[in-house]
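These notes are about the structure you will find just below.
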Amino acid sequence: MAQKPSIPKGTRDFSPIEVAKRSYIINTIKFQFVKFGFQPIETPSFENSDTLMGKYGEEGDRLIFKILNSGDFLAKADKDAYKNEDSLKLTSSISEKALRYDLTVPFARYVVQHQNELEFPFKRYQIQPVWRADRPQKGRFREFFQCDADVVGSDSLWQEVEFVQLYDTVFTALQLEGVTIKINNRKILSGFAEVIGEQDKLIDFTVALDKLDKIGEQGVKDEMLQKGISEEALKKIQPIFGMKGTFNDKIAILHTILETSEIGKKGIEELQFIQKAISEMPLKTAVLDLDVTLARGLNYYTGAIFEVAAPNTVKMGSIGGGGRYDDLTGIFGLKNMSGVGISFGLDRIYLVLEELDLFPTTVSAATKVLVINFGEDEAMYGLKAVQKLREAGIAAELYPDAAKMKKQMNHANKRNIPFVILAGAEEIKAEVYGLKNMVSGNQEKLSLEDLIDTLK
RNA sequence: GUGGUUGUAGCUCAGCUGGUUAGAGUGCCUGAUUGUGGUUCAGGAGGUCGCCGGUUCGAACCCGGUCUUCCACCCCA
């Protein structure tokens with residue numbers, strides 16, 4: 001081989017142990033999704049470009065992987081666009097399909113397409129890979145898994161309450177303690193824009209505000225001024241920058257800022273509803289925190305906005321996010337269908353669990369017992385035991401070659417197989433099996449029945 | 001998409017201001033030990049120095065391009 005083969009930037013291979021650990025996370029999440037009443041669906045890895053394009057903002061469009069048309073795609077290409085070096089226009093003429101960018105938009109498409117078959121409110125979960133043509137960084141890949149749970153067809157704030165509980169339940173089950181579930185509400189942000197009279201600059205305003213913990217108060221103000229927001233406006237919302245204390249303390253501050261804004265007051269009400277419910281049913285390990293600077297997914301969120309931060313001992317971007325979108329299916333022609341959902345970032349949760357050493361040791365164990373191969377007769381005798389063990393639900397295997405004992409024992413060690421069976425002429429004659437515990441080194445001779453009982 | 005950074009044995013990394021045959025640890029193979037592994041000891045295999053080109057008498061080292069890694073921005077799980 002002249003050149004070592006490789007995989008594309010931002011993608012990864014997964015070894016057996018990595019797959020085992022990922023499965024552990026997925027199974028934990030899936031188990032809780034089911035307990036909360038969500039049903040699984042799957043959608044294609046690629047969609048028609050029209051379904052995805054324009055749904056994630058300009059930045060999002062850039063990050064969508066486009067699939068080149070098959071066949072003689074140049075024949076149908078937009079010649080003018082090519083001549084004018086108009087990449088955007090050319091792309092739409094040579095690419096009709098694109099890889100899934102998230103699970104929410106395909107879900108909206110699914111709901112609209114299957115609306116007559118669905119029973120509402122419809123609660124679905126979906127665990128599948130998504131692709132983004134982003135530049136990779138730590139915890140940021142071009143192919144990664146999202147684990148989404150969404151409800152459509154209900155305006156009820158009890159859904160938001162349940163999603164907070166779902167986050168708490170999953171991270172508790174993963175033994176990842178101390179995550180912060182940050183919550184905000186789009187109506188609060190709209191209220192801010194309203195009281196300063198800059199409704200049309202809502203996006204610029206919130207994008208700048210979102211950077212508070214990163215660039216600081218002055219940095220945020222500089223960026224707002226640069227976007228054309230007045231000094232006077234900044235004075236009105238000054239209390240935002242000093243927001244500290246408990247959830248209720250922050251609510252009190254919001255009341256003073258937003259007293260003239262109807263939509264802002266509606267946002268406060270919604271936050272209080274969720275807070276009250278959670279205070280009556282306390283979370284197990286997570287903390288619910290009001291963060292008015294949180295401004296994600298503004299292209300479609302209309303109510304609650306969620307983001308989950310890993311324990312602050314770990315340097316990692318958000319490990320989950322979500323929110324309420326009153327009209328997501330509207331873009332596909334189905335009006336008045338409110339949805340709310342959350343997402344778990346599998347790949348980032350993996351990195352966090354790895355860093356905090358939180359994977360259970362049982363995750364790595366696969367085969368429980370290896371039969372040492374001493375030759376043809378012994379292998380036959382051993383394989384008979386293997387068959388019985390497997391019937392009893394115990395993962396067992398026979399070393400295929402009559403290799404040196406040292407090599408076979410080493411093989412068991414390297415694969416973390418906790419037991420080996422040693423059965424030679426002597427054991428065959430006595431109709432027993434020598435079972436050796438590879439950790440303690442203890443060894444005993446057992447009948448087939450006792451062997452199965454011991455390994456069960 | 002913008003700016004920076006990284007790449008040497010399977011893995012983790014040394015390698016002087018460019019100088020002859022590129023090293024260590026670990027892992028791997030063999031033996032001490034032909035039915036008892038993890039320890040120890042001895043021996044051995046393994047590298048077009050990411051790739052392509054340039055400068056030079058001479059390049060792992062300097063220059064350009066490209067791929068990759070990680071980081072900051074943008075954005076985001």
Side-chain angles (χ1 to χ4, degrees), chain A residues 1-12 15 25 29 56-64 87-88 100-104 127-148 203 207-208 210-211 214-215 219 223 294-299 306-310 315-323 341-352 370-375 378 382 399 402-428 434-443:
Chain A
M1 206 181 302
Q3 179 103 21
K4 269 191 187 174
S6 63
I7 54 174
K9 188 203 299 214
T11 65
R12 294 144 307 151
S15 63
I25 299 172
I29 293 173
Y56 310 100
E58 207 177 304
E59 190 64 26
D61 282 358
R62 204 196 78 209
L63 298 176
I64 291 173
S87 298
L88 213 66
R100 175 171 63 214
Y101 176 89
D102 72 356
L103 301 178
T104 307
I127 299 175
Q128 289 190 279
V130 302
W131 295 268
R132 294 184 189 178
D134 208 351
R135 209 174 264 206
Q137 283 180 36
K138 188 189 179 82
R140 179 177 248 198
F141 309 98
R142 294 183 130 182
E143 177 183 62
F144 62 97
F145 267 71
Q146 287 191 332
C147 313
D148 276 29
I203 301 281
V207 165
D210 189 48
K211 295 178 189 165
K214 211 176 219 174
I215 59 177
E223 182 165 330
L294 183 60
R296 295 301 162 101
L298 280 174
N299 285 297
F306 298 113
E307 182 170 303
V308 181
K315 196 168 171 271
M316 179 64 64
S318 61
I319 56 177
I342 60 172
S343 180
F344 291 82
L346 168 66
D347 301 83
R348 288 187 177 176
I349 292 170
Y350 181 104
L351 291 172
V352 171
L370 177 76
V371 174
I372 302 296
N373 186 332
F374 291 119
E378 293 89 340
Y399 195 89
K404 280 185 184 156
M405 183 133 190
K406 178 175 174 141
K407 191 175 172 64
Q408 299 191 45
M409 297 293 268
N410 253 326
H411 183 71
N413 276 335
K414 300 230 174 87
R415 288 186 47 201
N416 279 317
I417 296 173
F419 294 95
V420 297
I421 288 172
L422 298 142
E426 213 177 288
E427 286 85 355
I428 293 174
L435 179 68
K436 184 182 174 90
N437 181 321
M438 293 299 279
V439 179
S440 66
N442 292 339
Q443 198 168 326

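Within the 4.0 angstrom heavy-atom criterion, no nucleotide atom of any strand lies near A:Gly434. Contact annotation for A:Ser343: no contact, since no heavy-atom pair falls under 4.0 Å across all strands.
At a threshold of 4.5 Å between non-hydrogen side-chain atoms, the residues A:Phe344 and A:Ile319 do not count as touching. Residues A:Met438 and A:Met409 form a side-chain contact, since some pair of their non-hydrogen atoms from C-beta on lies under 4.5 Å apart. Counting heavy atoms from C-beta on, the side chains of A:Arg12 and A:Asp347 come closer than 4.5 Å. Between A:Leu422 and A:Met405 there is a side-chain heavy-atom pair separated by less than 4.5 Å.
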Pairs under 3.5 Å (Watson-Crick or G-U), crossing ones as [ ], inter-strand ones as |: RNA chain B comes out as ((((..(..((((.....[...)))).(((((.......))))).....(((((..]....))))))..))))....

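With C1' as the reference atom, B:U6 and B:U69 are 6 Å apart, rounded to whole Å. Comparing the P positions of B:A24 and B:A45 gives an interatomic distance of 13 Å, to the nearest angstrom. Atom name P, nucleotides B:U12 and B:G19: the rounded distance is 26 Å, in whole Å. B:A72 and B:G10 have their C1' atoms separated by 33 Å, given to the nearest Å. B:C52 and B:C16: their C1' atoms are spaced 28 Å apart (whole Å). For the P atom pair drawn from B:C13 and B:G50, the interatomic distance equals 15 Å after rounding to whole Å. Straight-line distance between the P atoms of B:A22 and B:G64: roughly 28 Å, to the nearest whole Å. Annotation: B:C57 and B:G4 have their C1' atoms spaced 36 Å apart (nearest Å).
Nearer to the 5' terminus of RNA chain B, by closest-nucleotide assignment, is the contact made by A:Arg135 (compared with the other of A:Arg135 and A:Gln146). Residue-to-nucleotide proximity on RNA chain B shows that, of A:Gly345 and A:Gly10, the 5′-proximal contact is made by A:Gly10.
Nucleotide B:C74 holds its P atom 12 Å from the CZ atom of A:Arg62, rounded to whole Å. For the pair A:Arg140 CZ and B:C70 C1', the interatomic distance rounds to 13 Å; values are reported in whole Å. Rounded to whole angstrom, the span from the OH atom of A:Tyr56 across to the C1' atom of B:A77 amounts to 13 Å. Separating the CG atom of A:Asp134 from the C1' atom of B:C70 is a distance of 14 Å, rounded to the nearest angstrom. Atom C1' of nucleotide B:C76 and atom CD1 of A:Ile64 are separated by 13 Å, given to the nearest angstrom. If you measure from atom CZ of A:Phe141 to atom C1' of B:U68, you get 15 Å, rounded to the nearest angstrom. The distance from atom CD of A:Gln137 to atom P of B:G1 is 15 Å, rounded to the nearest whole Å. Note: CZ (A:Arg142) to C1' (B:U68) measures 11 Å, nearest angstrom.
Between A:His411 and A:Tyr399, the ring-plane angle classifies as perpendicular under the 30° and 60° cut-offs.
For A:Arg142 (side chain) and A:Asp134 (main-chain N/O), a donor-acceptor pair under 3.5 Å exists by modelled atom type. A:Gln408 contributes a side-chain N or O that, together with a main-chain N or O of A:Asn373, makes up a donor-acceptor pair within less than 3.5 Å. Without hydrogens or angle criteria, A:Arg132 side chain to A:Leu63 main chain gives no donor-acceptor distance under 3.5 Å.
In this structure, A:Phe344 does not count as stacked on the base of B:A77 under the 5.5 Å centre distance and 30° plane angle limits.
Between A:Arg348 and A:Ser318, the closest heavy-atom pair is NH1-O, 3.0 Å.
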Readout for nucleotides 33-38 of chain B: B = base within 4.0 Å of protein heavy atom, S = sugar-phosphate only, - = neither; 5' to 3' it is --BBBB

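Applying the ring-ring contact (aromatic ring centres under 6.0 Å, His included) criterion to A:Tyr350, with sequence neighbours excluded, gives A:Phe359.
In this structure, CD on A:Glu427 lies 11.5 Å from CG on A:Leu435, to the nearest 0.5 angstrom.
Taking the side chain of A:Lys214 as heavy atoms from C-beta on, and the options B:C28, B:C73, B:A77, the nearest nucleotide is B:C73.
Proximity of A:Lys211 to the phosphate of B:C75: a side-chain N or O atom is located under 4.0 Å from OP1 or OP2.
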